[in-house]
Amino acid sequence: MKTTAAVLHVAGGPLELTGVELADPGPGQVLVRIRATGVCASDLHIVEGRLPKPLPIVPGHEAAGEVVETGPGVDDLRVGAHVVLSILPRCLVCPACRSGRTAHCAWGGGLAATGTLDGTSTAWRLPDGAPLHHFNGVSSFSEYVVVPRSGAIEVDPVLSFGAAALLGCAVMTGVGAVRNAAPVAAGQTVAVIGCGGVGLNVVQGARMAGAARIVAVDVDEAKLELARSVGATDTVDARDRDVPAEVMRLVPGGVDHAFDAIGRPAALQDAYAMLAAGGTAVAVGLYALDDTITLPAFPLIGERHLVGTYMGGADPHVDVPLLAADVLSGALRLDELITERPFAEVNEAIDDLRHGRSLARQVLTFEE
Ligand SMILES: NC(=O)c1ccc[n+]([C@@H]2O[C@H](COP(=O)([O-])OP(=O)(O)OC[C@H]3O[C@@H](n4cnc5c(N)ncnc54)[C@H](O)[C@@H]3O)[C@@H](O)[C@H]2O)c1
Ligand SMILES: [Zn+2]
Ligand SMILES: [Zn+2]
C-alpha cells in the first residue's frame with residue numbers, strides 16, 4: 001500500500017512528507033494506522049544528528065493507533081485493536097530477555113542499529129525504490145507503519161489516542177524513572193530539572209509515589225506553572241538562580257532524588273550536587289555521544305548514587321496497561337499536557353520543540 005511518511009534524508013532536516021510504498025506485514029508483524037504521535041526531544045536528537053541513525057529514516061516513536069492487519073503467526077491481536085507502540089520490541093530468548101532486562105534485548109538492539117524490522121529488511125521503500133529505514137521498529141511520523149508484534153501493546157479503547165501515545169515514551173520514561181530507577185518512596189523529597197514532556201511525568205510519578213516535596217526546575221514559567229498543576233510543591237526558575245543552592249535552601253540538607261530530565265551534563269552535575277546523603281541522581285535525559293560529566297568525589301562517602309535509565313526501566317507489556325489504568329482512574333493527568341496539531345505540521349512542531357516554545361507535549365494527529 002501507499003502511505004505518507006515524514007522522511008529524514010540528511011541530519012539537520014527538514015523532514016519531507018513523502019508517499020512511500022509499504023509492504024504487507026510479514027511473519028510476526030502488524031500493520032498499524034497511526035492516530036496520534038507525540039514529538040519527543042529524542043526525535044529532535046535524531047533530526048539534528050546527535051543520535052546517529054541509518055538514513056534515510058522516518059522518526060517518531062511515541063505513538064498509538066489501530067491494528068489494520070496482522071501478519072502470519074500473529075494470533076493474539078485482532079484487527080481494530082487500539083495499540084501503544086514501543087521502541088522496545090523483544091525476542092524473549094536472548095540473555096538480556098531471559099534475565100528480565102527486555103529493554104536491552106539483543107535482537108531489539110539489532111533492529112535499532114540497522115533501521116530494519118528483522119535485522120535485515122525494511123517494510124518500506126522510497127518512490128525511487130531506495131530502502132527507507134525504521135526508527136527502533138516504530139517510525140510513527142507516518143500514516144501507517146508495519147511494526148514487530150512485540151512492539152505493540154493493546155490498550156483499553158476508552159483511552160484517547162493522544163494519552164495512549166504519551167504512555168509509549170514520556171510517561172513510561174518519566175513515571176518509570178520514579179518507580180524503577182530511583183525508586184521514590186512515600187515521604188521522600190524530589191527535584192526535577194527540566195519540565196518538558198518527560199520531566200512533567202517525573203513530577204506526576206513523584207506525586208503518585210507520595211513524595212513529600214517535589215521541586216520542579218525549568219527556564220520557562222509556563223512549564224513551571226504546569227508542573228505545579230500536576231504536583232510540584234515548589235518551583236525554581238533556573239534562569240536567575242544557582243539551582244543546587246536554591247533547591248538546598250528549599251529542602252535543607254538536599255533531596256533524596258534528583259532527576260535530570262533535560263539531557264545536559266550541567267543539569268546532571270546539578271542533580272548530583274543537590275542530593276542528601278544516601279540520595280540518588282537519575283540521568284533521564286539523553287546525552288550526546290561525546291558528552292562527559294565531572295563530579296566531586298568526596299560526597300560519595302555520603303552513599304550517594306548516580307544511575308541511568310532507559311525508558312524508565314519499564315517493561316512496556318507490563319507497565320503500559322498499568323499506566324493506562326492510572327490515566328483512567330484520574331491519577332495520571334495527560335490531557336493538560338497535550339497540544340494537538342495536524343501531522344502536516346511535523347516540521348513546525350519539531351522547530352517549536354527545538355526552540356522550547358512552551359508546549360508541554362505536542363501530539364500530531366491524523367485525518368479521520
Ligand atoms: N532515558 C530515556 O529512555 C529517555 C526517553 C525519552 C526521552 N529522553 C530524553 O529526555 C530529555 C527530555 O525530553 P523531553 O521530550 O521532555 O524534552 P523537552 O524539550 O520537552 O523538555 C526539556 C525541558 O527542559 C527545559 N530546560 C531547558 N534548559 C533548561 C535549563 N538550563 N534548566 C532547566 N530547564 C531547562 C525546557 O524548558 C523544557 O521544558 C531529552 O534529552 C530526551 O531525549 C530520554
Ligand atoms: Zn521519547
Ligand atoms: Zn531478546
Side-chain angles (χ1 to χ4, degrees), residues 37-46 48 50-51 59-63 85-111 135-136 138 140 148 150 165-174 176-177 180-181 191-203 216-224 226-227 235-241 243 259-268 270-271 282-288 291 307-314 337 339 349-350 352-362:
T37 178
V39 183
C40 171
S42 301
D43 296 310
L44 181 60
H45 291 322
I46 288 171
E48 295 190 335
R50 282 194 301 277
L51 183 60
H61 64 281
E62 183 180 86
L85 300 187
S86 167
I87 60 168
L88 305 177
R90 72 276 185 91
C91 72
L92 297 180
V93 295
C94 75
C97 282
R98 280 209 300 255
S99 63
R101 296 164 65 243
T102 54
H104 302 284
C105 170
W107 176 77
L111 303 199
F135 171 31
N136 292 30
V138 179
S140 52
S150 63
L166 262 59
L167 299 185
C169 183
V171 176
M172 192 158 68
T173 300
N180 306 317
V192 184
I193 308 175
C195 296
V198 174
L200 287 167
N201 284 296
V202 176
V203 171
V217 182
D218 206 291
V219 288
D220 179 342
E221 182 46 46
K223 297 280 178 52
L224 294 175
L226 264 173
T235 52
V236 173
D237 185 335
R239 280 172 302 187
D240 46 25
R241 296 278 164 77
V243 170
F259 299 81
D260 167 21
I262 310 174
R264 283 197 189 156
L268 186 55
D270 280 355
V282 185
V284 188
L286 188 66
Y287 306 88
D291 275 346
V307 299
T309 179
Y310 183 42
M311 302 305 288
L337 307 189
T339 304
I350 284 178
D352 283 342
L353 181 66
R354 178 185 285 126
H355 293 107
R357 292 194 195 107
S358 104
L359 301 161
R361 200 48 143 202
Q362 303 178 84

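All ligand and atom numbering here is 1-based and tracks the order in the structure. Owing to the predicted nature of the structure, the values given are computational and were not obtained by experimental measurement. Side chains are part of it too, since the values below use all heavy atoms of this structure and drop only hydrogens, waters and symmetry mates. FYI, the numbering just counts along the sequence from 1.
On a distance-only criterion, Ala360 and ligand 1 share no N/O pair closer than 3.5 Å. Considering backbone and side-chain N/O atoms, Gly199 never comes within less than 3.5 Å of an N/O atom of ligand 1. In terms of polar-atom proximity, Cys40 is not counted as a contact of ligand 1, lacking any N or O under 3.5 Å from an N or O of the ligand. The shortest N or O to N or O distance between Asp220 and ligand 1 is not below 3.5 Å. The shortest N/O to N/O separation between Ile262 and ligand 1 falls below 3.5 Å. At under 3.5 Å, a nitrogen or oxygen of Val198, whether backbone or side chain, sits near a nitrogen or oxygen of ligand 1. Considering both main-chain and side-chain atoms, His45 comes within under 3.5 Å of ligand 1 through a nitrogen or oxygen pair. On a distance-only criterion, Asp218 and ligand 1 share at least one N/O pair closer than 3.5 Å.
Of the N and O atoms on the side chains of His61 and Asn136, not one donor lies less than 3.5 Å from an acceptor on the other residue.
Close approach to Gly197 involves these atoms of ligand 1, each under 4.0 Å from a residue heavy atom: 16 (O), 20 (O).
Considering only non-hydrogen atoms, atom 21 (O) of ligand 1 lies nearest to Gly196 out of Gly263, Gly196, Gly168, Gly313. Nearest to atom 19 (O) of ligand 1 by heavy-atom distance, out of Val243, Leu353, Leu337, Val219, is Leu353. When the heavy-atom distances from atom 1 (N) of ligand 1 to Asp237, Leu359, Val284 are ranked, the shortest goes to Val284.
Looking at Asn201 and Thr173, their side chains never come closer than 4.5 Å, going by heavy atoms from C-beta outward.
A salt bridge is defined here as a Lys NZ or Arg NE, NH1 or NH2 lying under 4.0 Å from an Asp or Glu carboxylate O, and Asp218 with Lys223 fails to meet this definition.
Checked against the Zn ion (ligand 2), the N, O or S atom of His61 at the shortest distance is NE2.
Smallest separation of non-hydrogen atoms from Glu221 and Arg239: N-NH2, 4.5 Å. Contact record, Thr309 with Ala177: CG2-CB, 4.3 Å, taken as the closest heavy-atom pair.
Using a distance-only test at 3.5 Å, with no hydrogens or angles considered, no donor-acceptor pair links the side chain of Arg90 to the main chain of Cys105.
Tyr310 and His104 have tilted rings, their planes meeting at an angle from 30° to 60° on a 0 to 90° scale.
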